[in-house]
Visitor: 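Questions regarding the structure given below will be posed in turn.
Both ligands and their constituent atoms are indexed starting at 1 by order of listing. As a basis for the values below, the full set of heavy atoms in this structure was taken, side chains included, without hydrogen atoms, waters or symmetry mates.
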Amino acid sequence: MDVNGKAFRAFRDREEALRRQYDAARAAKQHSKGKLTAWERIDLLFDTGTFEEIDAYNTPAAIEVEFGKVEKSYGDGVIVGHGKISGRLIFVYAQDFTVMGGSLGIVHARKIAKIQEMALKMGAPVIGIMDSGGARIQEGIASLSGYATIFHNIIHSSGIIPQISVIMGPAAGGAVYSPALTDFVFMTSHTSYMFVTGPNVVKEVLNEDVTSEELGGAEVHARKSGVAHMIYDDEENTILALKKFLSYLPSNNLENPPVFPDDELVSDVNPKLRDIVPDDPNKAYDVKDVINNIVDNASFFETSELFAGSIVTGFARLKGKTIGVVANQPKVLAGVLDIDSSTKGARFIRFCDAFNIPLLTLEDVPGFLPGINQEHMGIIRHGAKMLYAYAEATVPKITVILRKAYGGAYIVMNSKNLGGDFNFAWPTAEIAVMGPDGAVAILYRRELAAAANPAEMRKELVKRYREKVANPFIADEQGYVDEVIDPAVTRQKVISAFEALSNKWVKAPERKHGNMPL
Ligand code: HXC
């Protein structure tokens with residue numbers, strides 16, 4: 001080819017025009033807010049030199065508009081492409097706030113849709129980095145239809161490829177449903193926010209004053225709404241965590257996650273596990289100590305850490321292989337199941353099931369949270385999600401009952417008849433229809449009312465109930481648990497059980513889909 005010829009010159013001119021488009025002033029404005037530019041984010045995310053951009057020269061569909069103006073820019077405010085993260089193929093779209101506030105016009109939307117479709121065909125995860133003023137006002141209905149296509153694609157890729165959203169700026173209006181539909185949402189504190197209607201509308205409609213941060217900042221979504229699964233102080237740490245997080249996931253639903261060498265720092269026999277659960281059943285402890293003493297050293301990556309703390313969810317490794325962990329947390333509300341912990345647990349279980357990640361359940365649950373608020377808000381409907389998710393999951397499922405396993409909550413936490421493959425119990429397990437206090441109050445109501453010293457009698461009955469009923473040995477003898485084990489050998493038992501289950505195959509009967517309670 002003649003590099004001085006007309007065609008090659010035109011090619012070079014276009015490249016030059018693309019370079020000139022970089023607006024240093026707008027990038028500086030982005031930096032002054034504590035944000036990186038879309039390119040800086042991409043550079044941090046991908047292995048050096050592996051990112052390949054596509055559709056860099058797409059231009060907005062509508063330059064002449066009836067209302068306002070649209071910049072004639074290359075790229076239309078979003079960078080899309082693919083690259084490698086730790087050597088694995090990942091597709092990305094990163095909205096560029098420096099171009100028309102990252103607003104989504106139809107070309108911008110088509111670029112995202114193209115990447116989504118490619119990722120689905122290639123069986124590779126999609127990461128969406130969002131920093132956008134939402135639907136591009138000037139393009140009207142066309143930009144709304146663009147969102148609809150993106151939502152449609154997310155839904156149709158759900159359960160086939162992992163889809164992760166990273167919020168690094170505004171995400172407002174219907175645009176928030178894009179992250180909401182994906183599997184996991186990362187947010188950066190203080191520089192990102194998400195809401196369906198912003199502070200101005202809240203003021204107009206409800207006459208309430210609220211800032212963007214208070215309404216939909218990272219803290220709010222991590223602690224209160226549960227919309228954000230992971231939040232970090234700045235964008236660098238958000239991206240570093242995201243890269244680590246990806247190491248637990250398979251590229252698609254037909255592959256397994258990467259296997260990491262077992263660092264051998266955790267012994268298969270670990271006597272420390274005998275000392276974590278206190279003898280006093282009313283005393284709390286941190287179930288994360290149990291998790292960390294079972295899984296490969298420092299491999300536990302907690303999800304939704306700040307939300308619904310009475311249940312702990314996250315990924316970890318056993319002998320280098322990814323597992324999903326669901327554990328009741330006695331340190332928070334005694335480990336009860338409430339509305340938030342049920343929905344948190346159920347969604348996590350369904351993700352693991354969709355992506356062939358075996359589930360380890362650690363159980364210490366006194367029951368469902370009682371109260372008018374919980375009942376009226378629908379604990380029946382939401383608690384049912386956990387049941388549904390566990391029973392529906394066909395991945396290998398192991399439960400270890402550490403202490404309390406009472407009533408409906410016992411059934412929910414992957415009990416034998418709900419489909420648990422291996423159900424172990426520690427000698428400290430208390431498995432019964434209800435806790436000793438409740439059982440005694442119901443069964444001995446009349447006797448207690450007539451007793452000379454009811455407190456003493458109740459204490460004695462509670463003790464007897466614990467010895468005779470609420471222990472793991474009855475469940476063991478009747479086959480409701482497979483084995484009562486010494487806590488010290490939990491890791492060994494669980495590894496061996498997962499190995500035995502590695503070829504587990506469940507063929508569900510044909511149906512369109514079940515009707516999960518929502
Ligand atoms: C077109 C937009 C835009 C939009 C921002 N810009 N949002 N252009 N359509 N939706 C442009 C601004 O005009 C400005 O252009 C540049 O982006 C940067 O915006 P600023 O306002 O200067 O930035 P900042 O002060 O940081 O404020 C950011 C913002 C604000 C909070 C996001 O721009 C804003 O409120 N935008 C509108 C948000 C919104 O309501 N979007 C519609 C949501 S509804 P110049 O040329 O001055 O640099 C929606 C429906 C989706 O998205 C439906 C899906 C089903």
Visitor: Donor-acceptor pairs under 3.5 Å, side chain of residues 159-179 to any protein atom, not counting sequence neighbours: which ones?
Guide:
residue, atom, partner, partner atom, Å
Gln163, NE2, Ile154, O, 2.9
Ser165, OG, Thr182, OG1, 2.7

Visitor: List, one per line, each side-chain donor-acceptor pair under 3.5 Å for residues 93-102, sequence neighbours excluded.
Guide:
residue, atom, partner, partner atom, Å
Gln95, OE1, Asp131, N, 3.3
Gln95, NE2, His108, NE2, 3.1
Asp96, OD1, Thr98, N, 3.0
Asp96, OD1, Thr98, OG1, 2.6
Asp96, OD2, Thr98, OG1, 3.4

Visitor: Which protein N or O atoms sit under 3.5 Å from any N or O of ligand 1? Give atom names and distances.
Guide:
residue, atom, partner, partner atom, Å
ligand 1, 9 (N), Ile137, N, 3.1
ligand 1, 10 (N), Gly133, O, 3.0
ligand 1, 10 (N), Ala135, O, 2.9
ligand 1, 17 (O), Gly101, N, 3.0
ligand 1, 26 (O), Lys33, NZ, 3.1
ligand 1, 41 (N), Gly133, O, 2.6
ligand 1, 52 (O), Ala135, N, 2.8

Visitor: Does Lys69 make a cation-pi contact with Phe67, if we ask for NZ or CZ under 6.0 Å from the ring centre and within 45° of the axis?
Guide: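 Relative to the ring axis of Phe67, which defines the angle, Lys69 lies outside at least one limit.
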
Visitor: Identify the two heavy atoms, one from Glu235 and one from Leu36, that lie closest to each other, and give their separation to 0.1 Å.
Guide: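 Closest pair (atom of Glu235, atom of Leu36, distance): OE1-N, 3.1 Å.
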
Visitor: Holding to side chain to side chain donor-acceptor pair (under 3.5 Å), I want the full list of residues that pass it with Thr59, two or more places apart in sequence or in another chain.
Guide: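 If we apply the side chain to side chain donor-acceptor pair (under 3.5 Å) test to Thr59, skipping adjacent residues, there are no hits.
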
Visitor: So that I know where these two stand, are Phe348 and Phe351 an aromatic pair - ring centroids less than 6.0 Å apart?
Guide: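 Between Phe351 and Phe348, which both carry aromatic rings, the centre distance is not below 6.0 Å.
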
